[in-house]
Number of protein chains: 2
Amino acid sequence: MSGDRQKSGNGVEKKAHQVVTSADVAREAGVSRSTVSRCMADDERISEATRKRVQETAAQLGYHVNKIASSMNRRKSDLIGLVTSGLTDPFRIEFLDCLISQIQQSGYRPLVIDVSDPDQMGISMLNLLQYQVAGVVVTSGSPSPEVGTHYLKRNVPVVLVNRAGRLEGADVINCDNVHGGELAADMLLKSGKKRLGFLNVRGGTYSGNVRGEAFVSRIAPRLADGEISFTSLVCDSADYDGGFHAGLKYLADRENAPDGIFCAKDHIALGLMDAARFELGLKVPGDLAVIGFDDIAAARQGAYQLTTVRQRADQLAEMTVERLRRRIGGDALGDERLVLPVEFIRRQTV
Amino acid sequence: MSGDRQKSGNGVEKKAHQVVTSADVAREAGVSRSTVSRCMADDERISEATRKRVQETAAQLGYHVNKIASSMNRRKSDLIGLVTSGLTDPFRIEFLDCLISQIQQSGYRPLVIDVSDPDQMGISMLNLLQYQVAGVVVTSGSPSPEVGTHYLKRNVPVVLVNRAGRLEGADVINCDNVHGGELAADMLLKSGKKRLGFLNVRGGTYSGNVRGEAFVSRIAPRLADGEISFTSLVCDSADYDGGFHAGLKYLADRENAPDGIFCAKDHIALGLMDAARFELGLKVPGDLAVIGFDDIAAARQGAYQLTTVRQRADQLAEMTVERLRRRIGGDALGDERLVLPVEFIRRQTV
DNA sequence: TTGTACGCGTTATCAT
DNA sequence: ATGATAACGCGTACAA
């Protein structure tokens, strides 16, 4: 009962505690702080009796392990950074949902950071490092190579999901955008549509571009034959409103407008469909066939019944966490580029 | 150059550093750790020259302030716990979106925890305490009074959003559920519908129950007159599918089915509408009037154009963060129960 | 304006 | 099975 730093020189009875620490529990239970620490961590080599007594004392005193101090000591937290940009993209939300519960099940905690402004990407990623995160998942934007080196140096694993990603030291997981684009092309060709289009946000996103290019490659032979035509369509935002306004713009001229459109993502497709049906009086799929990508929940709804290419958010999350865990566990893995299979889901828009 | 704990006894040149600390920067820049600390925090009383030199050295060495150590020292982190249950409820997502960006703008970081299992609520809330969170926002479930006392004791502010909440030491923010229910009732009465219904998830939620009760109170006089009838409708889940299946169940009998339904939330209303329109061939609003609650993004979409009661997620988030900040700032405020005004939005489903 | 010295609460290590 | 002790990296009185 002599040791430790407790009675620092003078014999004063310490300050009136505000927050209960392991020292308090130790004193109350008549053991050392080490023992308390071990009991709280369910360390094997502690006697059942002691463990029980200490845990009861802890509960009674209202003691909670201070994870900050713990992380400090271990030099690593159990936080995993989640880089996103808002919660507006339906598929990303579904992915984050899966990711969050899986991260939690693995004993980690998600620290969300929003980087709506791409210029903030670098700063935000570096800020994350301040929290001694165990790993980071990037679902929006693209970290610069310079940021990458910081992570590499600290040996903090990074996983890029559905991004271009040429980041050294980071794993990249994408769904099979190429195959998805091809499946969409095949379907539209088979349906007999002649004036095809691919709708994506202005400037494009990596995923969207790949999907579009695969689509175009696939229809190239028929294009060359002159059997069909193709137009590249552009919307101002990668969401419902973007698709809606693009619909108004591109579909007004019923004679020459595309009659089969592949959208870079479902959310855009929904807007496009609503514009076609409710603003222009077009029949979908009669006058216009629409194919999306992702298979978000809304695509399954009665009002849309969207034909689309499905990528499974749960599997994507599984791969992400699996990868993260192995790297955190110490496996010195080489950077990998994983591809998640996609599946064509035919509903009623083509 | 003698001070601190640096050279602990022996004169060994220390270990090969893996991670850069303020001591490294201090040594490299020829200043003390205190100075480095002050420079990184942009402390006023540091000379421009020193600050610049130190910050450059820091950047060059790849130094990042360790927020864990910092939090340890200050005995509080800049983490704010966000208690939710999955990311499936559209309005909650919109709210979280606003909340996350506002929390971030206030210099805090959101730590998300998912409590899909209500039994885990207590444990999860207490776990949050381990992270020395500066505050907590509860958007799902209801913390027990016992949990409340732990927070009270630690002086960590809690805000309950759209919950029943009788938590000591916590603020409760709700939208004006009563007024919303009344607005819905008024609209349905005015529309001339006779067989009214209120659709909510089995067992009910606090918000839903209040809305329903207000609705019923409002139509009570007309009910007593025998001019109209009312049925309480129940679905198995508080989402699209729940509404959809409820539609199939309650609307099949066209003669006696309700012709005006107020739904506890928009998401349910969407499912109900789709079942009515696409499975049963009913006209909305001709055969069936539908009113929702929340005004989620999908309610504005062409396919739905749902008449609803709007609660503004951004304002809710604003109130939440404002409240949190003041409490964190030290204001010893009494528990408050705030009410956010709602607004009736008439679209095309009634 | 800058440096010295201490303490934050925990866990790992070593000793018993 | 348990205890004593030394870090972990930082912020901040206090001193200069």
Side-chain angles (χ1 to χ4, degrees), chain A residues 1-9 14-15 17-27 29-54 58 63-78 129-132, chain B residues 1-10 14-15 17-27 29-54 58 63-78 129-132 154:
Chain A
M1 238 267 199
S2 72
D4 263 350
R5 203 184 324 189
Q6 297 297 358
K7 42 173 72 170
S8 53
K14 282 135 243 159
K15 77 269 182 173
H17 277 300
Q18 314 207 39
V19 61
V20 184
T21 77
S22 66
D24 298 313
V25 179
R27 192 183 317 112
V31 295
S32 70
R33 285 182 306 146
S34 317
T35 300
V36 174
S37 172
R38 293 195 265 254
C39 288
M40 301 310 286
D42 280 320
D43 192 307
E44 290 304 327
R45 49 187 189 176
I46 220 83
S47 80
E48 200 49 56
T50 308
R51 187 211 313 289
K52 200 180 165 208
R53 182 162 47 89
V54 170
Y63 168 68
H64 307 278
V65 175
N66 184 333
K67 288 235 180 195
I68 296 292
S70 171
S71 299
M72 164 96 145
N73 187 303
R74 309 182 114 121
R75 276 181 290 289
K76 180 175 280 190
S77 77
D78 53 5
L129 230 27
Q130 300 186 333
Y131 291 86
Q132 316 300 104
Chain B
M1 239 266 197
S2 72
D4 260 353
R5 202 184 326 191
Q6 298 297 358
K7 42 174 72 170
S8 55
N10 56 32
K14 282 136 243 158
K15 78 270 181 173
H17 277 299
Q18 314 206 40
V19 60
V20 184
T21 77
S22 66
D24 298 311
V25 179
R27 194 182 317 112
V31 296
S32 72
R33 282 181 29 242
S34 326
T35 301
V36 174
S37 172
R38 289 175 186 127
C39 289
M40 299 311 286
D42 282 319
D43 192 308
E44 290 304 328
R45 50 189 187 170
I46 222 82
S47 78
E48 201 49 56
T50 308
R51 188 212 311 290
K52 199 179 166 209
R53 182 162 48 88
V54 170
Y63 169 69
H64 308 278
V65 175
N66 184 333
K67 287 235 180 194
I68 296 292
S70 169
S71 299
M72 164 94 143
N73 189 306
R74 316 180 108 121
R75 275 185 289 292
K76 182 172 279 191
S77 77
D78 53 6
L129 231 27
Q130 300 186 333
Y131 291 87
Q132 315 300 104
R154 296 273 288 257

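A note on names: the letters A, B, ... follow the listed sequences, proteins ahead of strands, and every chain is numbered from 1. What you see is a predicted model; the values in this text were computed from it and never measured.
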I need the A:Met72 CE to A:Asn66 CG distance, nearest 0.5 Å. 10.0 Å
How many angstroms lie between atom NE2 of B:His64 and atom OG of B:Ser22, to the nearest 0.5 angstrom? 13.5 Å
To the nearest angstrom, how far is B:Arg154 atom CZ from C:dG9 atom C1'? 11 Å
Is there a side-chain contact between A:Tyr63 and the phosphate of C:dT10, meaning an N or O under 4.0 Å from OP1 or OP2? yes
Which of these nucleotides, D:dC10, D:dA1, D:dC8, is closest to any side-chain atom of A:Ser47? D:dA1
With sequence neighbours excluded, tell me which residues meet side-chain hydrogen bond (donor to acceptor under 3.5 Å, both in side chains) with B:Asp78. A:Tyr131, B:Lys67
Does OP1 or OP2 of D:dA4 have a side-chain N or O of A:Ser32 closer than 4.0 Å? no
So how far off straight is the helix from C:dT1-D:dA16 to C:dT16-D:dA1, going by the axes through five pairs at either end, to 10°? 30°
Cut-off 3.5 Å, side chains only: do A:Thr35 and A:Ser32 have a donor facing an acceptor? yes
Of B:Arg75 and B:Val31, the one whose nearest nucleotide on DNA chain C sits closer to the 5' end is B:Val31
Nearest-Å distance, CD (B:Glu48) to C1' (C:dT2)? 16 Å
A:Ser71: side-chain hydrogen bond (donor to acceptor under 3.5 Å, both in side chains) partners, not counting sequence neighbours: none
What integer distance in Å separates A:Asp42:CG from C:dT11:P? 12 Å
Can you tell me how far the NZ atom of B:Lys76 sits from the CZ atom of B:Arg154, to the nearest 0.5 Å? 10.0 Å
Send over the distance from B:Lys76 NZ to D:dG11 C1', rounded to a whole Å. 16 Å
Donor-acceptor pair, distance only, cut-off 3.5 Å: does the side chain of B:Asn73 make one with the backbone of B:Ser70? no
Show me the donor-acceptor pairs, under 3.5 Å and distance only, between side chains in residues 38-45 of chain A and residues at least two apart or in other chains.
unit_1  : atom_1 : unit_2  : atom_2 : d
A:Asp42 : OD1    : A:Gln55 : NE2    : 3.4
A:Asp43 : OD1    : A:Arg45 : N      : 3.1
A:Asp43 : OD1    : A:Arg45 : NE     : 3.4

Taking CG from A:Asp24 and C1' from C:dT10, how many angstroms apart are they, rounded to a whole number? 13 Å
Please tell me if B:Ser70 has a side-chain N or O lying less than 4.0 Å from either OP1 or OP2 of D:dG11. yes
In this structure, how many angstroms lie between the P atom of C:dG9 and the CD atom of B:Gln132, rounded? 9 Å
A:Thr50: what forms a side-chain hydrogen bond (donor to acceptor under 3.5 Å, both in side chains) with it, not counting sequence neighbours? A:Ser47
In whole angstrom, give the distance that lies between atom CD of A:Glu44 and atom C1' of D:dT2. 16 Å
What's the CZ-C1' distance between A:Arg53 and D:dT2, to the nearest Å? 11 Å
Could you go over nucleotides 12-16 of chain D and give all protein N or O partners under 3.5 Å, atom names and distances?
unit_1 : atom_1 : unit_2  : atom_2 : d
D:dT12 : O4     : B:Ser34 : OG     : 3.3
D:dA13 : N6     : B:Arg38 : NH2    : 3.1

State whether B:Ser71 places a side-chain N or O below 4.0 Å from either non-bridging phosphate oxygen (OP1 or OP2) of D:dC10. no
